[in-house]
Amino acid sequence: MDTKPTPHRSLEPLFDITELADYLGVPVSTLYDWRARGLGPRAYRFGKRLKFALSDVQTWMETQRDPGSLESDRG
């Protein structure tokens with residue numbers, strides 16, 4: 001019998017810290033460092049666990065975009 005809950009279709013996907021580190025290609029320790037310095041994406045805390053909403057990660061990623069990249073991409 002499968003006891004794993006099925007994700008609810010209307011809920012936004014949440015990353016745990018390991019999944020987010022894999023997604024961003026950075027070590028977990030970097031995420032903890034960014035959080036300690038107030039630099040990383042917003043997170044939810046459920047007990048001892050951190051969860052990151054996909055929309056919060058995407059919003060944070062937009063703030064990290066290199067503003068000079070548009071000029072260099074135009075060639």
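Counting begins at 1 with the first residue of the sequence. Just so you know, these numbers come straight off a predicted model, no measurement behind them.
- Taken to the nearest 0.5 Å, the CZ atom of Arg35 stands 6.0 Å off from the CZ atom of Arg45.
- Put simply, the side chain of Glu19 gets close to the backbone of Asp16: a donor and an acceptor are under 3.5 Å apart.
- Applying the 4.5 Å side-chain rule to ILVMFWY residues, one finds Phe15, Ile17, Leu20, Tyr23, Leu24, Val26, Val28, Leu31, Tyr32, Leu39, Leu50, Phe52, Leu54, Val57, Trp60, Met61 in the same cluster as Trp34.
- Ala21 approaches Pro27 most closely through the heavy-atom pair CB-C, 4.1 Å.
- With sequence neighbours excluded, the residues forming a side-chain hydrogen bond (donor to acceptor under 3.5 Å, both in side chains) with Arg37 are Asp33, listed by chain and number.
- Through direct or indirect side-chain contacts shorter than 4.5 Å among Ile, Leu, Val, Met, Phe, Trp and Tyr, Phe46 is connected to Leu14, Tyr44.
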